[in-house]
Structure formats: C-alpha cells, structure tokens
Student: 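Dropping the structure in here first, questions after.
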Amino acid sequence: MRKIAIYTGNRAEYGLFVPVIKAIKACPDLKPYLLVSGAHLDEDFGYTAREIEKDGFEIYREVKLEMGDDSVYATARAIGSGILSLSEILKELRPDMLLVYADRFEGFSAVITGTQMNIPTAHIEGGDITEGGALDDSVRHAMTKLAHLHFTTNEDAAERVRKLGEEAWRVFNVGFPVLDLIKQGNFAKPEELEKKYGIERTRPVVLFTQHSVTTEFEDAIQQLRPSLRAIKRLAQQGYQIILTYPNNDAGGKSIIQEMEEFMAGKVANVQCHASLGRYNYHGILNYCGNVSKGVCAGNSSSGIKETPIFGCPTVNIGSRQQGRLRAENVMDAPYDENAIYEAIVRCASDTAWRKIAHECHNPYGIGNAGDQIAKTLATIPLGRKLLQKKMTY
C-alpha cells in the first residue's frame, strides 16, 4: 500500500481536492495522509480545518506557517517556514508520493520540500494561464518544473506542460476534479439554502468573492470599492447578495477589513461569510444557474471553472483571471461601479445571455478526474526514472 501525502493550504484549493482525496481513500492500493496548512489553521479565514474533519477526513498533521502582517514579505517568510515545518513531517512520514494542488504559495513550499527530499511529487492543475497580475503563473509553472507527475484539467494546459519541456509520459489530462462531486449532485439543495441563508428564488442572488491581485496588493481596497458600491445599489433594488472572504494572499486581510466596514453599514439584503464550504458554495452556484436568476461575480477562478457546469452566468471583475481558459458564460468588467452594476444586471435579466450560459460547452472535462488520478498514483512505477527528469528539447 503506497503512502500518499496530500498537502492542502486553503479552502478553495481543498474544495477542488475533495474528489481526489476520496478516490485515494477508496483505492485499496493507496493510503492518504492529509497535511493541512495555511489559512485552514487561521481563524481570520474561517479556520477551515474544521470543514475537512466534518467531511470525514482524518488530518495526519498540521503544517504551521509563520504568517505575519498583510504583505508580500509575510508571504515569503511563510514559504520559508512552510519548508522548515513540512521537511520534518515528511522525514518522519516517508511517503511514497506527495500530491499538491494548483498555484498558491503554500503549495509552492510543499513542492520545493518534497522534490528536494527526493519524494516523487505530483502536481494538479499545471499548465493553466492567468496573466492578470497575480503571481499565480510564475508559481504554477515553477511547480510544474519541479514536479514529477502532472495532472492537468484541460488539453490546452497539458500541451503547455509538454512545451515546458516535460516528458509526455509524465502528463495526464484528467479534467477538473471538482466536477466529479458536482456530477454526483454532491451540493446543497435549494430548500436547504433557502432555510440556511434566508434567500428567495423570486429574487436574483449574487455570489461575490474578490481576491487581491498579488502584484498589486497595495491597490486591493481601491479595486474592491467599486464592487461594493455596485453591490449596494443592487441590494437596494432587491438583489440578494452573499459575500465571502478572500484568500490569505497579501492584501487579503485589508479586503476583509473593508468588507467588515461595509457590513457595519447594515445594508439590507447583504450577508457576509468567512467561508461557505464547498457543499454550500456549489449549491449556491446551482441556485444561481438553475433556480434563481442569479449571478457569480468577483475574480475567483471558481467563477471561471466551476460555473459552466451549473449554467451560471459570471461577471469576472478586473485582471486577475486574464488569460484563463473559459466557457461562454463569462462576462468581463473593469474596476468600475457602473460597469460592474450593468454587467450583473444583464447577467441576471438578459434571457438570451442566460441561455448562452446554460448551453455553453465546459472545457474542463466530464467528471472522472479523481479515479484517474488515484489509478495513476497506484500504478506508476516508482524509482529512478520517475525522479530523474529530462528536458525534451
């Protein structure tokens, strides 16, 4: 039985990881060891380690990161402290493989640690592009060049990984893992959401999340304020607004503070949550796409990658997701109050646009990624060939 160390550092990435963890847990040839870090252990961001345990997963160890002030300096220190903490855990655990997701600084520290310790490391969601000013692209491609196996979410990304010089046998296009759960209907039903959040299907719901842009984190508040002004106008017209906290990137805490000040104004029809949890989050996307004439808005990758399967229109604000592969349900808006307001209204009320969103092609797979990843982890030969990487050009 192969020991698979699985590293997760924040709520969004964990939500995408769930079907993979389930598939590994169900595989008789694999044993998962969950390593939980970053914002999962931070009360300011909802202490989402509780969600992991609620989902029935055992946390093997907590990986402590030193997160100080809301700055890029703190992020750099967190990466260093993550390497120090995780190296001790991996030395003790001696896993057969380490599995890491996406493009965040927490995962970056894990990939550095694993590969430097000669632990075969698998990376999910490499090869994507987001040119919008965040550090995601640089971190993601660096993780690709360090990792030994690559599980991509679309064929464009798989081809990009191969063009980065990775050997073709290391690259597996498995699709977007979270679609596994959505395909199974594993999300909150409309009646549950109406009871829990007090929403009504007769009025549009707007699910809003706006993260900082890492290379522009000093501007996070100025970039957020036009969205909040647009949200206030919508709420005054009867739109039901559900705000969620950003990630713990540089600038994230200042966004939370601004949101709390906004909420102190007690604007009717607006509610704010540190974290909805995957089950409720996907339930609300389904509610917006199939029950209420709702909209997903902000600059989260979930607005690009998780909404098409629900037929949910998305207003993508600003530059953070620029360049990311998308379906036809996405409408872009700049950091401008009127543009954001008008885009959300159109997504909620334009029948033709909602029809496009409902019928759009989803470029991120069919919902069987977890089983494909587990099968590969269980059968890929371990040894020198896997560890000793070669450039293909």
Side-chain angles (χ1 to χ4, degrees), residues 132-133 197-213 216 219-246 251 254-273 276 281 284-285 287-289 291-304 306-307 310-322 324 326-358 360:
Y197 299 108
I199 54 179
E200 302 171 0
R201 60 187 70 193
T202 55
R203 295 185 290 142
V205 172
V206 179
L207 178 57
F208 177 87
T209 307
Q210 187 162 319
H211 304 292
S212 68
V213 178
E216 304 168 4
D219 301 325
I221 298 303
Q222 297 305 318
Q223 292 172 350
L224 175 66
R225 283 175 177 164
S227 296
L228 294 180
R229 289 194 294 268
I231 282 169
K232 185 175 181 179
R233 287 170 62 185
L234 291 162
Q236 289 171 340
Q237 294 172 17
Y239 282 67
Q240 303 166 102
I241 314 295
I242 300 176
L243 309 178
T244 69
Y245 278 10
S254 60
I255 288 177
I256 291 172
Q257 183 177 347
E258 187 73 13
M259 290 171 67
E260 289 176 345
E261 291 177 6
F262 176 79
M263 292 303 297
K266 299 188 183 303
V267 180
N269 298 317
V270 181
Q271 55 186 289
C272 183
H273 303 272
L276 296 173
Y281 188 86
I284 293 174
L285 290 182
Y287 199 90
C288 289
V291 181
S292 148
K293 290 185 176 180
V295 182
C296 179
N299 64 2
S300 172
S301 62
S302 62
I304 306 289
E306 296 168 51
T307 54
F310 295 110
C312 176
T314 292
V315 175
N316 177 57
I317 300 169
S319 63
R320 192 173 188 267
Q321 299 301 330
Q322 183 178 329
R324 191 182 284 279
R326 60 185 61 194
E328 294 177 307
N329 66 314
V330 180
M331 183 183 298
D332 292 309
Y335 300 116
D336 176 83
E337 176 188 342
N338 289 330
I340 295 166
Y341 170 83
E342 290 168 5
I344 292 175
V345 169
R346 184 184 172 195
C347 281
S349 60
D350 187 326
T351 303
W353 180 260
R354 294 192 69 85
K355 187 173 187 292
I356 290 171
H358 238 275
C360 69

Student: For the atom pair CD1 (Ile255) and CG (Leu243), what is the distance rounded to the nearest 0.5 Å?
Tutor: 12.0 Å
Student: Can Asp350 and Val345 be said to form a side chain to side chain contact (heavy atoms under 4.5 Å, CB included), step by step?
Tutor: CA-CA 8 Å; Asp350 187 326; Val345 169; over 6 Å; no
Student: Quick one: does any side-chain atom of Thr314 pair with a main-chain N or O of Gly303 as donor and acceptor, under 3.5 Å?
Tutor: yes
Student: Which atoms form the tightest heavy-atom contact between Leu228 and Phe262, and what is the distance?
Tutor: O-CE1, 3.6 Å
Student: Are side-chain heavy atoms of Met331 and Asn316 found at a separation under 4.5 Å?
Tutor: no
Student: Please test Ile231 against Ile340 for side chain to side chain contact (heavy atoms under 4.5 Å, CB included), starting from the C-alpha separation and ending with a verdict.
Tutor: CA-CA 9 Å; Ile231 282 169; Ile340 295 166; over 6 Å; no
Student: Could you tell me whether the side chain of Gln271 and the main chain of Tyr197 form a donor-acceptor pair under 3.5 Å?
Tutor: yes
Student: Which distance, rounded to the nearest 0.5 Å, do you find between the CG of Leu224 and the CZ of Phe208?
Tutor: 5.5 Å
Student: Tell me if a side-chain donor or acceptor on His358 pairs with a main-chain N or O of Gly289 at a distance below 3.5 Å.
Tutor: yes
Student: How many angstroms lie between SG in Cys347 and CH2 in Trp353, if you round to the nearest 0.5 Å?
Tutor: 6.0 Å
Student: Would you confirm whether Asn329, through its side chain, and Ala357, through its main-chain N or O, come within 3.5 Å as a donor-acceptor pair?
Tutor: no
Student: Side-chain donor-acceptor pairs under 3.5 Å in residues 294-301, sequence neighbours left out?
Tutor:
residue	atom	partner	partner atom	Å
Asn299	OD1	His211	N	2.6
Asn299	ND2	His211	O	2.9
Ser300	OG	Ser302	N	3.2
Ser300	OG	Ser302	OG	2.9

Student: Got a second to check how far Leu234's CG is from Tyr239's OH, nearest 0.5 Å?
Tutor: 6.0 Å
Student: Could you pull out the closest heavy-atom pair between Val270 and Ala235, with the gap in Å?
Tutor: CG2-CB, 3.6 Å
Student: Considering only heavy atoms from C-beta outward, does the side chain of Val206 approach that of Ile344 to under 4.5 Å?
Tutor: yes
Student: Would you kindly say whether Tyr341 and Gln237 are connected by a side-chain donor-acceptor distance under 3.5 Å?
Tutor: yes
Student: Does a donor on one side chain and an acceptor on the other come within less than 3.5 Å for Gln223 and Gln210?
Tutor: no
Student: Quick one: do Arg225 and Glu337 make a salt bridge, cutoff under 4.0 Å?
Tutor: no
Student: Assess the residue pair Tyr335 and Ser227 against the criterion (side chain to side chain contact (heavy atoms under 4.5 Å, CB included)); give the C-alpha distance rounded to whole Å, side-chain angles, the decisive distance to 0.1 Å, and a yes or no.
Tutor: CA-CA 7 Å; Tyr335 300 116; Ser227 296; 5.6 Å; no
Student: I'd like to check the salt bridge (Lys or Arg N to Asp or Glu O under 4.0 Å) partners of Arg326; sequence neighbours left out, ordered by chain and number.
Tutor: Asp332
Student: What verdict does the side chain to side chain contact (heavy atoms under 4.5 Å, CB included) test give for Ile241 and Asn269, after you've listed the backbone C-alpha separation in whole Å, the side-chain angles of each residue and the deciding distance to 0.1 Å?
Tutor: CA-CA 6 Å; Ile241 314 295; Asn269 298 317; 5.5 Å; no
Student: Looking only at side chains, do Arg233 and Gln236 share a donor and an acceptor under 3.5 Å apart?
Tutor: no
Student: From Glu306 CD over to Cys312 SG, what is the distance, rounded to the nearest 0.5 angstrom?
Tutor: 11.0 Å
Student: Partners of Arg203 by salt bridge (Lys or Arg N to Asp or Glu O under 4.0 Å), sequence neighbours excluded?
Tutor: Glu200
Student: Take a 6.0 Å sphere around CD of Glu260 and say whether it holds more than 12 heavy atoms from other residues, nucleotides or ligands.
Tutor: yes
Student: Is there a donor-acceptor contact under 3.5 Å from the side chain of Arg320 to the main chain of Ser212?
Tutor: yes
Student: So, taking the atom named CD1 in Ile256 and the one named CE in Met259, what distance separates them when rounded to the nearest 0.5 Å?
Tutor: 7.5 Å
Student: Hey, does the side chain of Asp219 reach the backbone of Gln222 with a donor-acceptor pair shorter than 3.5 angstrom?
Tutor: no
Student: What closest approach, in Å, do Ser254 and Gly251 show between heavy atoms, and which atom pair accounts for it?
Tutor: OG-O, 2.7 Å
